[in-house]
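A short worksheet on the structure shown next.
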Amino acid sequence: GSPFFIKQLMLELYKRRLLYPSLTDRRWVWESDNIRDIEITDSVATFIMKNSFHSLPSEVLSALCVLSCFGASANISMIETLEVEIQTPLIVPLDTAVAESIVDKREGSFYFIHDKLHEAAYGAIRSEQRCLQHFRYGLALGNVAVREKDDVLLITAVSQINHGGPQAVIDS
């Protein structure tokens with residue numbers, strides 16, 4: 001298996017107190033019978049989604065859904081701007097997701113560590129709400145882009161509005 005999978009497995013065993021350091025014995029101790037009872041998949045993403053993703057606090061899941069609307073990664077400064085505009089906590093919950101190894105933070109961006117995790121976060125948004133969310137984020141970022149004359153942010157805003165499509169503005 002991959003080193004990443006082994007790391008995730010060890011972290012999950014530690015969280016469940018099935019693997020822990022013994023200071024008196026000066027070694028790691030494991031609960032082999034209980035470990036055998038755990039269903040372990042061959043896929044890192046499936047393992048993470050089953051064991052970590054769905055046990056996250058709702059605020060973290062919500063922030064992951066927002067992040068997923070921008071693709072596999074998004075610029076942190078853009079996320080900070082969106083956080084202010086939509087008045088929804090994003091940075092702190094995404095930092096929690098970093099600690100849980102769902103996303104990573106590198107070179108000024110948050111990004112999903114696996115495409116299946118991105119798909120799971122995007123899939124967690126009800127299909128009838130996706131276009132409205134994209135449209136909402138596009139309008140929020142568009143207002144800032146025009147006000148601050150930020151062409152890069154404007155392109156992101158227009159992209160989000162386009163993702164929203166006509167469904168976002170049709171009266172039903």
Side-chain angles (χ1 to χ4, degrees), residues 1-130 132-134 136-137 140-141 156 160 163:
S2 75
F4 178 70
F5 181 78
I6 298 300
K7 176 185 173 193
Q8 293 303 315
L9 175 62
M10 301 301 268
L11 285 170
E12 187 61 30
L13 293 175
Y14 180 77
K15 285 180 194 173
R16 293 183 185 197
R17 297 289 298 148
L18 298 175
L19 174 69
Y20 51 90
S22 170
L23 298 177
T24 56
D25 294 337
R26 299 168 101 187
R27 66 180 180 90
W28 285 89
V29 178
W30 55 92
E31 306 293 332
S32 54
D33 291 337
N34 293 336
I35 291 172
R36 280 190 201 98
D37 292 339
I38 295 175
E39 184 180 328
I40 300 174
T41 66
D42 291 338
S43 163
V44 158
T46 304
F47 181 77
I48 292 172
M49 287 185 326
K50 185 175 180 183
N51 294 294
S52 297
F53 192 79
H54 296 295
S55 65
L56 294 169
S58 62
E59 190 176 70
V60 175
L61 286 173
S62 177
L64 288 169
C65 290
V66 172
L67 177 63
S68 74
C69 286
F70 293 91
S73 66
N75 182 282
I76 293 171
S77 65
M78 187 273 302
I79 295 291
E80 289 169 337
T81 300
L82 185 62
E83 179 179 58
V84 170
E85 291 301 306
I86 65 172
Q87 299 177 351
T88 301
L90 296 173
I91 298 298
V92 170
L94 288 174
D95 282 337
T96 301
V98 168
E100 293 291 328
S101 298
I102 305 295
V103 297
D104 206 351
K105 194 178 191 180
R106 181 171 34 122
E107 298 174 7
S109 293
F110 284 111
Y111 65 93
F112 286 93
I113 59 168
H114 198 285
D115 60 334
K116 294 290 185 189
L117 296 174
H118 169 241
E119 291 171 15
Y122 195 68
I125 306 168
R126 292 193 331 257
S127 59
E128 62 274 8
Q129 291 295 312
R130 282 188 199 131
L132 295 173
Q133 295 302 325
H134 282 292
R136 177 180 176 218
Y137 305 149
L141 293 174
T156 302
Q160 286 298 303
H163 273 85

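Keep in mind the model is a prediction, meaning the values are calculated, not measured.
- Pairing each heavy atom of L67 with each of S73, the nearest pair is CD1-C, 4.4 Å.
- One distance of note links CD of E31 with CG of L13; it measures 10.5 Å at 0.5 Å rounding.
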Would Q160 and C69 satisfy side chain to side chain contact (heavy atoms under 4.5 Å, CB included), going step by step from the backbone distance to the final call? CA-CA 8 Å; Q160 286 298 303; C69 286; 4.1 Å; yes
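- If you check the side chains of Y137 and E85, you find no donor sitting under 3.5 Å from an acceptor.
- In terms of heavy-atom proximity, C65 sits nearest to A124 at SG-CB, 3.8 Å.
- Taking every heavy atom of both residues into account, K105 and Y111 meet most closely at N-CE2, 4.3 Å.
- Residues that satisfy the side chain to side chain donor-acceptor pair (under 3.5 Å) test with D115, not counting sequence neighbours, are absent from this structure.
- S62 places no side-chain N or O within 3.5 Å of a backbone atom of E59 that could act as its donor or acceptor partner.
- Less than 6.0 angstrom separates the ring centroid of H134 from the ring centroid of Y122.
- Looking at heavy atoms from C-beta onward, F110 lies out of side-chain contact with F70 at the 4.5 angstrom threshold.
- How far CD1 of I76 is from CD of E107: 10.5 Å, rounded to the nearest 0.5 Å.
- Two residues are said to be in side-chain contact when any heavy atoms from C-beta on lie closer than 4.5 Å; L56 and L64 meet this criterion.
- Between P93 and A63, the shortest heavy-atom distance links the atoms CB-CB, 3.6 Å.
- Separation of atoms OG1 (T88) and CG (L82) is listed at 8.0 Å; rounding is to 0.5 Å.
- Side chains of W30 and L18 form no contact here, defined as non-hydrogen atoms less than 4.5 Å apart.
- Across all non-hydrogen atoms, the minimal contact from W28 to Y14 is CZ3-CD1, 4.2 Å.
- The CD atom of E83 sits 7.5 Å away from atom CD of E80, with the distance rounded to the nearest 0.5 Å.
- Separation of atoms CG (L132) and CZ (R126) is listed at 9.5 Å; rounding is to 0.5 Å.
- The CD atom of E100 lies 10.5 Å from the CD1 atom of I113; values are rounded to the nearest 0.5 Å.
- A donor-acceptor pair under 3.5 Å is absent between the side-chain atoms of D25 and the main chain of R27, judged by distance alone.
- The number of heavy atoms from other shown groups lying within 6.0 Å of CD (E128) is above 12.
- Counting heavy atoms from C-beta outward, L94 and I79 have side chains that approach closer than 4.5 Å.
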